[in-house]
Chemist: 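Let me begin by handing over the structure; questions about it come next.
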Amino acid sequence: MSTIYNFSAGPAMMPKDVLLQAQEEFQNWNKLGCSIMEISHRSEEFIQVAIEAEKDLRDLLNIPDDFKVLFCQGGARGQFSAVPMNLLHHVKKTDYINSGYWSNCAFIESKKYCIPNTILIKKKHNEKIFLLPMSQWEINKDSAYIHYCPNETIDGLSIYEEPLFEKKVIIADFSSCILSRVINIRNYDLIYAGAQKNIGPSGITIIIIRKNMIRFLSKISPSILDYKIISEHQSMFNTPPTFAWYLSGLVFKWLKKKGGLKNIEKLNKKKSDLLYKKIDDSDFYINNINNMNRSMMNVIFYLKNPKLNQIFLEEATKSGLNYLKGHRIVGGMRASIYNAMPLEGVQALIKFMSYFENRYG
Ligand SMILES: *Cc1c(COP(=O)(O)O)cnc(C)c1O
């Protein structure tokens, strides 16, 4: 089989080494004579896996002791509800930054629980899309928190600034960029991320929350989404997705072996720079996003002649470059190049783009 590179946006590719290890121990994990998915989440063996996963995640992101790590279910969309249900008590006003598809979804869901003020930061100038810098966000003085999304998976837009708002609670949906670059956890109060983009398997959601935010039992939240309950039960109030948890743990170990987030960030920058350069250097492909806001994870591009879209996708698939079709609401192409995508995958895509341009341009 010739090499296939998978550019799926999510669930997305996982590191080959991790898949091989999981395969090796699939039927006989830890010499137990069975798979890890066949043992109790309360067994000593599984608890060790859970503890190690948390420790490795803490090392990678340099998570301070006054933050809790929770492993939850319900995906990022679960958190669109859980955040307002858990965090709002008296104050019902909130700020939702709208930078694209997912942050807008979070805003829409929040309306069930609070009075969100939506702040549109996606703008266009000279045909280029850009996001307003944080200094220009019109935040409400009396809002309970600010919610934003640092990487818009569908729009290919990113915010790289760290949130430095005095006396404001900051919530960030890191679903498609967690562990892609170095961040300072202290600048956030709550970070959440579904695992299926930049970690691995779907079914598990990671929450990193400042401990003093876990104050009350929520009156309205289902127990399985209640931060206090999840926290008091070490993320095992109900049966967690054990196999996804184990695989995520293997990915964390793989990232550490790769030299941690400093190295990963460098590689991610290199991969995305190469691809954007290819697009910018040609008259055949277009990306109309301002340099400052281009996503390192989800690279969107259009063919100048959209009639060629279908042929592009068919020929790309034949060349082993899979799932490049852009999301239906933005069209065009999208190459999702998360941590697991090797440099060779991006190089293969660039080579194919050159070939295709020569042939059809
Ligand atoms: C994929 C995605 C979501 C939705 O995640 P689910 O786990 O399917 O609920 C939310 N936000 C962002 C930024 C995403 O990329």
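In each ligand, atom 1 is the first atom listed, and ligand 1 is the first ligand listed. A quick note: this is a predicted structure, and the numbers were derived from the prediction, not measured. Values reported hereafter were calculated over all heavy atoms of this structure, with side chains retained and with hydrogens, waters and symmetry mates removed.
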Chemist: Can you tell me the protein heavy atom closest to atom 9 (O) of ligand 1 and the distance?
Modeler: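 Residue, atom and distance for the closest contact: Arg77 N, 2.8 Å.
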Chemist: Looking only at protein heavy atoms, which one is nearest to atom 15 (O) of ligand 1, and what is the separation?
Modeler: Thr153 OG1, 2.4 Å
Chemist: For Cys105, which part has a heavy atom under 4.0 Å from ligand 1: side chain, backbone, both, or neither?
Modeler: neither
Chemist: So which heavy atom in the protein is nearest atom 14 (C) of ligand 1, and how far is it from that ligand atom?
Modeler: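 Of the protein heavy atoms, Lys197 NZ, 3.0 Å lies nearest.
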Chemist: Does Asp59 pair with Lys55 as a salt bridge, N-O distance under 4.0 Å?
Modeler: yes
Chemist: Heavy atom of Cys149 under 4.0 Å from ligand 1?
Modeler: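 Yes, Cys149 has a heavy atom closer than 4.0 Å to ligand 1.
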Chemist: Just to confirm my output: which protein heavy-atom neighbour is closest to atom 8 (O) of ligand 1, and how far is it?
Modeler: Gln196 NE2, 3.5 Å
Chemist: Taking atom types as modelled, find out whether Tyr323 and Tyr5 have a side-chain donor-acceptor pair closer than 3.5 angstrom.
Modeler: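 Side-chain D/A pair, Tyr323 to Tyr5: absent.
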Chemist: Could you check whether Asn151 and Ser176, counting side-chain N and O atoms only, form a donor-acceptor pair closer than 3.5 Å?
Modeler: yes
Chemist: Between the side chains of Ser354 and Lys278, does any donor sit under 3.5 Å from an acceptor?
Modeler: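 Side-chain D/A pair, Ser354 to Lys278: present.
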Chemist: Among Tyr360, Phe352, Tyr355, which residue satisfies the ring pair (Phe, Tyr, Trp, His ring centres under 6.0 Å) criterion with Phe312?
Modeler: Phe352
Chemist: So which heavy atom in the protein is nearest atom 5 (O) of ligand 1, and how far is it from that ligand atom?
Modeler: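 So the nearest neighbour among protein heavy atoms is Ala76 CB, 3.4 Å.
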Chemist: Can we say Glu265 and Lys262 salt-bridge, meaning some charged N sits less than 4.0 Å from an Asp/Glu carboxylate O?
Modeler: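 Here Glu265 does not pair with Lys262 in a salt bridge, since their nearest N and O are not under 4.0 Å apart.
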Chemist: Establish, from distance only, whether the side-chain atoms of Arg181 and Asn268 form a donor-acceptor pair under 3.5 Å.
Modeler: no
Chemist: I need the nearest protein heavy-atom contact for atom 11 (N) of ligand 1: residue, atom name and distance, please.
Modeler: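 Looking only at protein heavy atoms, the one closest to atom 11 (N) of ligand 1 is Asp173 OD2, 2.7 Å.
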Chemist: Report the part of Asn151 in contact with ligand 1, treating N, CA, C, O as backbone and CB onward as side chain, heavy atoms under 4.0 Å; options are side chain, backbone, both, neither.
Modeler: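 The answer is the backbone of Asn151.
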Chemist: May I ask you to check whether Gly75 has an N/O atom sitting below 3.5 Å from an N/O atom of ligand 1?
Modeler: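 Min N/O separation from ligand 1 is not below 3.5 Å for Gly75.
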Chemist: Determine whether the side chain, the backbone, both or neither of Phe80 has a heavy atom under 4.0 Å from any heavy atom of ligand 1.
Modeler: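 The part of Phe80 near ligand 1 is the side chain, not the backbone.
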Chemist: Under 4.0 Å between a Lys/Arg side-chain N and an Asp/Glu carboxylate O for Arg359 and Glu315?
Modeler: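 Result for this pair is yes, salt bridge flagged.
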